[in-house]
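Here the structure comes first, spelled out in structure tokens, and everything after it is commentary.
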Amino acid sequence: MPEKKQVPIAEGLFTWPSDDPRLIGSRCKNCGEVTFPAQKSCPACCLEDVDNIELAKRGKLWTWTVQGFPPKSPPYAKKETPETFVPYGVGYIELPGQVRVESRLTENDPARLRIGQDMELVIEKFMDNDQGDEVMIFAFKPVDSGS
Ligand SMILES: [Zn+2]
């Protein structure tokens with residue numbers, strides 16, 4: 001059987017396929033404002049003079065919560081029932097000198113999440129789509145202390 005294709009959930013969110021994937025944001029050439037996802041114009045000064053940049057891979061957990069029930073679908077892409085749903089962490093990651101990114105977290109245990117902890121970008125499987133491909137999303141995972 002051929003290997004499953006891994007497709008990003010949306011184009012332009014992160015570099016993929018890649019051994020060292022990064023989120024793709026934009027930086028304003030005029031005022032330096034960084035946004036994620038990348039935008040065509042700067043939300044701070046409204047000029048359309050932005051560069052796409054690869055964002056930092058690591059940041060700090062700024063705030064978080066645990067999503068304890070299935071989000072409304074649509075826009076939530078995954079077909080789930082309250083029985084199949086697994087709670088997941090969601091939070092904001094402060095990328096140093098860049099931007100705060102809203103992201104899914106790999107960890108859903110409140111005891112293992114704390115504000116200010118180091119987090120690292122990972123690309124993980126979200127679901128299988130109707131073509132049998134694996135749909136990939138980005139998430140942040142806690143960096144083990146000591147590593
Ligand atoms: Zn600007």
Side-chain angles (χ1 to χ4, degrees), residues 3-80 85-110 112-147:
E3 243 180 68
K4 282 190 178 184
K5 232 169 52 182
Q6 296 185 324
V7 297
I9 192 159
E11 289 299 328
L13 278 183
F14 48 86
T15 57
W16 192 260
S18 170
D19 293 332
D20 185 24
R22 301 295 175 95
L23 296 180
I24 300 168
S26 53
R27 178 190 281 134
C28 176
K29 288 193 214 170
N30 180 48
C31 73
E33 179 85 0
V34 177
T35 57
F36 176 82
Q39 296 189 19
K40 285 195 167 48
S41 66
C42 173
C45 70
C46 301
L47 291 185
E48 292 190 15
D49 198 11
V50 300
D51 277 333
N52 279 5
I53 58 166
E54 294 186 5
L55 299 180
K57 194 173 175 171
R58 282 191 178 192
K60 292 201 182 296
L61 191 55
W62 186 68
T63 192
W64 60 272
T65 187
V66 173
Q67 177 76 32
F69 54 89
K72 216 171 157 184
S73 182
Y76 190 62
K78 207 167 173 177
K79 293 181 192 80
E80 273 177 319
F85 178 74
V86 178
Y88 60 88
V90 57
Y92 281 90
I93 317 301
E94 175 116 55
L95 301 179
Q98 295 185 325
V99 66
R100 278 182 205 133
V101 171
E102 186 181 1
S103 175
R104 197 175 170 107
L105 308 177
T106 60
E107 185 59 64
N108 67 4
D109 179 358
R112 303 190 60 189
L113 291 168
R114 63 180 167 78
I115 287 172
Q117 80 187 114
D118 290 320
M119 304 292 284
E120 188 173 67
L121 177 73
V122 293
I123 305 299
E124 62 176 18
K125 182 188 164 183
F126 181 55
M127 63 178 189
D128 293 309
N129 67 13
D130 294 339
Q131 288 77 46
D133 302 327
E134 294 186 341
V135 177
M136 309 302 285
I137 57 165
F138 68 92
F140 277 82
K141 80 173 167 64
V143 177
D144 294 332
S145 46
S147 69

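All residue numbers in this chain count up from 1 along the given sequence.
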Would the distance check show the side chain of [X] and the main-chain N or O of [Y] forming a donor-acceptor pair, the cut-off being under 3.5 Å?
{"X": "Glu134", "Y": "Met127", "result": "no"}
{"X": "Asp128", "Y": "Gly132", "result": "no"}
{"X": "Asn108", "Y": "Pro87", "result": "yes"}
{"X": "Glu107", "Y": "Asp109", "result": "yes"}

Check whether any side-chain heavy atom of [X] lies under 4.5 Å from a side-chain heavy atom of [Y], and answer yes or no.
{"X": "Pro37", "Y": "Phe14", "answer": "no"}
{"X": "Asp51", "Y": "Lys29", "answer": "yes"}
{"X": "Cys31", "Y": "Cys42", "answer": "yes"}
{"X": "Pro43", "Y": "Glu33", "answer": "yes"}
{"X": "Thr106", "Y": "Glu124", "answer": "yes"}
{"X": "Val99", "Y": "Leu55", "answer": "yes"}
{"X": "Asn30", "Y": "Asp49", "answer": "no"}
{"X": "Phe126", "Y": "Met136", "answer": "no"}

Minimum heavy-atom separation for [X] and [Y], please, with both atom names.
{"X": "Lys60", "Y": "Gly116", "result": "CD-O, 3.5 Å"}
{"X": "Pro110", "Y": "Val66", "result": "CG-CG2, 4.3 Å"}
{"X": "Ser103", "Y": "Ala139", "result": "OG-CA, 3.5 Å"}
{"X": "Met119", "Y": "Ile93", "result": "CG-CD1, 4.1 Å"}
{"X": "Ser26", "Y": "Asn52", "result": "CB-OD1, 3.9 Å"}
{"X": "Phe140", "Y": "Lys57", "result": "CE2-O, 3.6 Å"}

How far apart are the C-alpha atoms of Leu105 and Leu61, what are their side-chain angles, what is the distance that settles it, and do they pass the side chain to side chain contact (heavy atoms under 4.5 Å, CB included) test?
CA-CA 10 Å; Leu105 308 177; Leu61 191 55; 4.3 Å; yes
Gap between atom [atom2] of [Y] and atom [atom1] of [X] - 0.5 Å precision:
{"X": "Glu94", "Y": "Tyr92", "atom1": "CD", "atom2": "OH", "value": "12.0 Å"}
{"X": "Gln117", "Y": "Trp64", "atom1": "CD", "atom2": "CH2", "value": "9.0 Å"}
{"X": "Ile137", "Y": "Lys125", "atom1": "CD1", "atom2": "NZ", "value": "11.5 Å"}
{"X": "Arg100", "Y": "Leu95", "atom1": "CZ", "atom2": "CG", "value": "10.5 Å"}

Hey, could you give me each pair passing ring pair (Phe, Tyr, Trp, His ring centres under 6.0 Å) that has a residue in residues 19-59? Not counting sequence neighbours.
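The answer is Phe36-Phe138.
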Before giving the answer on side chain to side chain contact (heavy atoms under 4.5 Å, CB included), spell out for Trp16 and Ile24 the whole-Å C-alpha distance, their side-chain angles and the decisive distance to 0.1 Å.
CA-CA 10 Å; Trp16 192 260; Ile24 300 168; over 6 Å; no
Could you go step by step and tell me if Leu23 and Leu13 meet the side chain to side chain contact (heavy atoms under 4.5 Å, CB included) rule?
CA-CA 6 Å; Leu23 296 180; Leu13 278 183; 5.6 Å; no
Is the NZ or CZ atom of Arg104 both under 6.0 Å from the centre of the six-membered ring of Tyr88 and within 45° of that ring's axis?
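Satisfied, under 6.0 Å and within 45°.
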Please determine whether side chain to side chain contact (heavy atoms under 4.5 Å, CB included) holds for the pair Glu48 and Lys40, giving the CA-CA distance in whole Å, both sets of side-chain angles, and the decisive distance to 0.1 Å.
CA-CA 6 Å; Glu48 292 190 15; Lys40 285 195 167 48; 5.6 Å; no
Could you walk me through whether Glu120 and Arg58 pass salt bridge (charged side-chain N to carboxylate O under 4.0 Å, His left out), step by step?
CA-CA 4 Å; Glu120 188 173 67; Arg58 282 191 178 192; 2.9 Å; yes
